[in-house]
Structure formats: C-alpha cells, structure tokens
Amino acid sequence: MPVFDYDLFVIGGGSGGVRSARLAAGLGKKVAIAEEFRYGGTCVIRGCVPKKLYVYASQFSEHFEDAAGFGWSVGETTFDWKALVEAKEREITRLEGLYRKGLDNAGAEILNSRAVLVGPNTIRLTATDQLVTAERILIATGGHPAPHQDLPGRELCITSNDAFDLLELPKSILIAGGGYIAVEFANIFHGLGVETTLIYRGKEILSRFDHDMRQGLHKAMVDKGIRILCEDIVVEVAETEGGGRRAKTLRGETLLVDHVMLALGRVPNTTDLGLEIAGIHTDARGAIVVDEYSRTNVPGIFAIGDVTDRVQLTPVAIHEAMCFIDTEFRDRPTSPDHDLIPTAVFSQPEIGTVGMSEEAAARKYPELEVYRAEFRPMKATLSGRQEKTIMKIIVNAADRRVLGVHVLGHDAGEMAQLLGIALKAGCTKDDFDRTMAVHPTAAEELVTMYQPSYRIRNGERA
C-alpha cells in the first residue's frame with residue numbers, strides 16, 4: 001500500500017473546498033487545503049457577500065424617499081463610497097478569519113499557496129516548490145469572470161471583481177451583460193446615484209428566468225431610470241482624453257462613461273492547474289468533467305463547485321462538498337441533487353424563483369394551469385411608489401403538482417427559500433390552497449390564488 005502525505009488534499013479555499021476540508025479533518029483524516037489568494041472564495045471575498053452588502057447600501061436612497069409617505073422628514077443625505085468599501089473590507093476579513101478558524105479547529109493544515117497537479121496523486125506548492133502526495137485530491141478552484149479577450153479595449157474595462165474596490169464611485173457606467181450579475185450591479189450602481197446603462201445581446205434580460213419576471217423587472221428598472229439596450233453589444237472600448245471610456249455598439253451608438261463593466265458570464269479556473277499532466281478530462285469551456293459522485297476520470301481525483309460548471313451557486317458547491325464527504329469518508333454514497341434549486345436575483349425589486357418557468361414547463365407537460373397575481377405592495381400605497389409585485393405559480397394540470405413558483409418583489413429571495421422546501425416535498429396546488437394565509441403580507445397571495453389565470457395546452461395559451 002502506498003503511503004501518502006495526506007488522506008485528502010483540497011485545491012481551492014472557497015465555500016466548497018473549505019467545507020470539504022473541515023469535515024474531512026473533523027472525521028480524523030489528515031487534510032491540507034491550499035489557496036493562493038484569500039480563504040472564502042468568490043462568495044465571501046468578491047461575490048455574494050460583498051454584493052449583498054452593496055445591495056443594502058444602494059436601497060437606502062429609495063428608503064429615504066419612501067419615508068416621506070409615512071410622515072418622516074429625512075432631510076439632506078450624502079453617501080460616502082470609500083466608507084462603504086472600508087466597511088465591506090472589514091466584514092469580509094472577519095468572515096475569512098472564521099473560515100480559517102474553522103479549518104484550524106478541525107485540524108486541517110492551511111497552506112497559503114497556489115497548488116498544481118504534477119501527477120495522479122502528487123501536488124506541487126508553487127510558493128515553496130514543495131511536492132506533496134495525497135490519497136484523494138479535491139479540486140474546488142471555482143471560476144472567474146469571462147475575459148472577453150476579443151473585445152478591442154478589453155484592458156480598459158472592469159469586471160465584478162474590480163467593481164467592489166473602485167477608488168471612486170463613478171458618475172456613469174455601462175454594464176455589458178444580461179445575467180443576474182449584470183442586472184444586480186446595474187441596480188446597485190443606480191441606487192448609489194450612478195447614471196447606469198445596461199447593454200445585452202438578447203431580446204430580454206435574464207434569459208433563463210420566467211418571462212413575467214424578466215419583463216416585470218425590465219420595466220421596473222427602466223422606470224427607475226436605468227437605461228437598458230437589448231439586442232446590441234459593445235464592439236469597441238477606448239479611453240477618452242479625460243480618462244473616461246468611449247464605448248461603441250454594434251448598432252452604431254457611442255456612449256461616454258466613466259467605466260465599462262463586463263459581466264458576460266464566468267468560466268472555470270482550470271488554466272495552468274496541471275489537469276493535462278494528470279490526465280483529467282475537461283469540456284469545451286474548460287470545466288472539469290465529473291460523474292454523479294463528483295469523480296473525475298482519474299481515480300482519486302474529484303472536483304466540485306463552479307470548476308465543474310454544473311450549477312454556479314455557492315450553496316450548490318457546499319452541497320456537493322457534503323455529498324463528497326458522505327461518499328468518500330462516511331461510506332454513504334450520495335450524489336448531489338441539482339433539481340429544484342431555489343434562486344434569487346438581488347435586483348430592486350428582487351426575483352425569487354424555484355422550479356420550472358412557464359416556458360420550460362410548457363415544453364414538457366401537455367397542459368398547465370398558470371396562476372398569476374400583480375399588485376402594488378402595501379408599503380407602496382403610502383410611499384407613492386408605482387413598483388409592482390408579480391407572483392406566478394405553474395401547475396401540472398394532470399396531477400396538480402406545483403412545478404414552479406416565481407416572485408418579483410420585496411423579499412422575494414426569502415420567499416424562494418421557503419417555497420423551495422414546499423416544491424422539494426412535492427406539494428400540489430391543493431396543498432397551497434388549504435394553507436392559511438398570513439395577513440397582511442405579500443406572500444399570502446401565494447395561497448389565495450384559487451382560480452387559474454389561464455391555461456397552456458400543448459404549448460399554446462388556451
């Protein structure tokens with residue numbers, strides 16, 4: 001039997017990697033984890049956590065406006081971008097410390113180095129050029145913003161990684177992309193007083209979401225003052241004499257802005273990782289190919305999280321980590337369940353969704369019942385804001401099972417988490433109907449829509 005330095009070596013200190021290392025070490029295994037930047041990964045350092053903090057910051061401008069309708073006189077307000085950046089940095093530093101503490105308490109060895117594969121069971125630590133061996137190697141290196149190298153002037157643009165730490169809050173910004181990252185940052189910057197334009201090649205933003213959510217959010221953003229250019233792309237970026245950016249679009253428009261941000265998808269972090277040397281298969285996007293138990297084609301090497309490009313969400317990476325531990329160290333083979341994943345877009349208003357969109361369900365089921373409600377939330381009645389809440393329930397007419405629920409409105413993400421439990425349990429529309437409402441709430445609409453708004457038969461609205 002070969003003798004290895006470690007039972008498990010984890011490459012990547014993000015949410016999935018840290019969870020795997022901590023749990024394996026807690027089971028008494030000899031574990032090391034290597035991270036070349038900061039522990040916490042995309043989510044904690046340059047993703048979900050700082051983004052949500054910036055979302056909160058950007059909402060106060062509307063809260064101050066709404067307060068007048070409730071009798072409050074707020075007075076003059078100012079915003080300090082540098083104070084927000086510093087506060088964000090303190091919080092993510094605190095969280096990184098907790099990640100490290102959890103690993104240390106579990107007995108995992110923490111390595112501050114890039115790690116690359118040099119063989120099926122061998123890793124090289126680039127900081128020291130040391131070679132170590134492991135019985136099992138887990139790759140959890142995550143992903144990064146797509147570089148869009150073919151765009152002339154690409155080097156003049158920023159990504160979501162850079163947006164959190166700009167030295168100054170820009171007066172204007174052009175964001176290229178129509179996914180949740182682009183949409184969220186468009187709302188963040190606009191809420192902070194930045195003149196914001198979003199440009200997207202598709203006919204409508206958020207291509208994978210239900211059409212009512214997409215169209216409802218589009219309208220809400222435009223009504224707020226965000227400019228959205230669909231069916232167009234940036235074809236060139238140049239620097240102006242004043243240090244700003246001149247962006248030209250395919251349709252011939254020229255936009256002068258302080259910054260151009262590219263939010264055109266994310267790609268796996270697999271470059272120069274030694275995958276070819278180890279013989280690990282990747283797909284056309286560079287993602288590591290794994291089976292249902294997160295195994296690569298090379299025995300003893302596994303991969304989880306965004307580097308596999310299955311579902312790019314932090315909770316999914318954590319779930320895959322727990323399944324990996326159950327399978328490899330607890331003798332409980334468990335494959336990750338990627339069905340019915342609740343998702344939120346922290347736009348303003350938010351989108352919370354779980355299950356199938358109307359379009360996806362119509363392609364799979366012969367007949368659907370669609371329940372839809374659109375209304376002004378109670379808070380808006382006194383604030384005077386015209387923003388609407390939209391709720392949709394997609395039901396299979398044959399057995400009344402709820403296939404999808406979609407919410408556009410305040411706290412939609414919180415609703416989606418709880419709705420995820422109901423759909424995961426296989427609830428039917430009858431279960432929703434016999435559930436008592438909590439009044440007065442927006443969520444009560446989900447259990448008081450008794451008659452379908454319309455039906456879909458064989459893909460056509462009946």
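Quick note: numbers below take in every heavy atom, side chains included, and nothing from hydrogens, waters or symmetry partners.
Listed for the Trp81 side chain is a donor-acceptor partner under 3.5 Å among the backbone atoms of Leu166.
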Exercise for the section: Please assess Arg94 against Glu91 for the test salt bridge (Lys or Arg N to Asp or Glu O under 4.0 Å), listing each intermediate value before the final yes or no. Expected result: CA-CA 5 Å; Arg94 182 186 73 85; Glu91 176 58 12; 2.8 Å; yes
Exercise for the section: Start with the C-alpha gap between Glu387 and Lys224, add the side-chain angles, then the distance that decides, and say whether salt bridge (Lys or Arg N to Asp or Glu O under 4.0 Å) holds. Expected result: CA-CA 9 Å; Glu387 195 169 278; Lys224 291 172 186 287; 2.9 Å; yes
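Considering only residues two or more places apart in sequence or on other chains, Ala303 meets the side chain to side chain contact (heavy atoms under 4.5 Å, CB included) condition with Ile139, Ile288, Val290, Thr296, Val307, Thr308. For Ser15, the side chain to side chain contact (heavy atoms under 4.5 Å, CB included) partners are Cys43, Tyr99, Thr314, Ile318, not counting sequence neighbours. Under the side chain to side chain contact (heavy atoms under 4.5 Å, CB included) criterion, Ala87 pairs with Arg90, sequence neighbours left out.
For CZ of Arg201, the number of neighbouring non-hydrogen atoms (other residues, nucleotides, ligands) closer than 6.0 Å is 12 at most. Within a 6.0 Å sphere centred on CG of Asp291, other residues, nucleotides and ligands contribute more than 12 heavy atoms. Atom CD of Glu204 is surrounded by more than 12 heavy atoms from other residues, nucleotides or ligands within 6.0 Å. By the 6.0 Å contact criterion, CZ on Arg285 is enclosed, its count of non-hydrogen atoms from other residues, nucleotides or ligands being greater than 12. Counting non-hydrogen atoms of neighbouring residues, nucleotides and ligands closer than 6.0 angstrom, the NZ atom of Lys52 exceeds 12 such neighbours.
Contacts classified as salt bridge (charged side-chain N to carboxylate O under 4.0 Å, His left out) and involving residues 348-359 (residues at least two apart or in different chains) are given here: Glu358-Lys392. Among residues at least two apart or in separate chains, salt bridge (charged side-chain N to carboxylate O under 4.0 Å, His left out) pairs with a member in residues 38-50 are Arg38-Glu89, Arg38-Glu96. Sorted by first and then second residue, the side chain to side chain donor-acceptor pair (under 3.5 Å) pairs with a member in residues 335-346 read Glu320-His338, Asp337-Lys424; sequence neighbours excluded. Sorted by first then second residue, the side chain to side chain donor-acceptor pair (under 3.5 Å) pairs that include residues 173-193, not counting sequence neighbours, are Lys51-Glu184. Residue pairs satisfying the salt bridge (charged side-chain N to carboxylate O under 4.0 Å, His left out) criterion with at least one member in residues 449-462, sequence neighbours excluded, are listed as follows: Glu367-Arg455, Glu367-Arg457, Glu369-Arg455. Counting only residues at least two apart or on different chains, the salt bridge (charged side-chain N to carboxylate O under 4.0 Å, His left out) pairs with a member in residues 70-84 are Lys82-Glu168. Among residue pairs with one or both ends in residues 236-246, none qualify as side chain to side chain donor-acceptor pair (under 3.5 Å); sequence neighbours excluded.
Looking at Gln215 and Asp212, their side chains never bring a donor and an acceptor atom within 3.5 Å of each other. With no hydrogens or angles considered, a side-chain donor-acceptor pair links Arg310 and Ser294 at under 3.5 Å. Counting only N and O atoms by type, the side chains of Ser58 and Gln348 include a donor and acceptor under 3.5 Å apart.
Here CG of Leu403 is found 11.5 Å from OG1 of Thr428. Values are rounded to the nearest 0.5 Å.
Taking the six-membered ring for Trp and thresholds of 30 and 60 degrees, Phe64 and Phe60 have ring planes inclined between 30 and 60 degrees apart.
Side-chain rings of Phe346 and Tyr56 stay apart, their centers remaining 6.0 Å or farther from each other.
Of the candidates His406, Arg372, Glu445, Met391 forms a side-chain contact (heavy atoms from CB on, under 4.5 Å) with just one, namely Glu445.
Ion pairing of Asp210 with Arg214 is absent here, as no side-chain N (NZ or NE/NH1/NH2) approaches a carboxylate O to less than 4.0 Å. A salt bridge links Lys88 to Asp165: at least one charged side-chain nitrogen sits closer than 4.0 Å to a carboxylate oxygen.
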If you look only at distance, which donor and acceptor atoms sit under 3.5 Å apart when one is on a side chain in residues 411-419 and the other is two or more places apart or in another chain?
none

Check residues 260-269 and write down every donor-acceptor pair under 3.5 Å in which the side-chain atom is one partner and the other belongs to a residue at least two apart or another chain.
residue, atom, partner, partner atom, Å
Arg266, NH2, Thr42, OG1, 3.3
Arg266, NH2, Gly143, O, 2.8
Asn269, OD1, His144, ND1, 2.5
Asn269, ND2, Thr141, O, 2.9
Asn269, ND2, Gly143, O, 3.2

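Side-chain contact check for Leu169 versus Val194: some heavy-atom pair is nearer than 4.5 Å.
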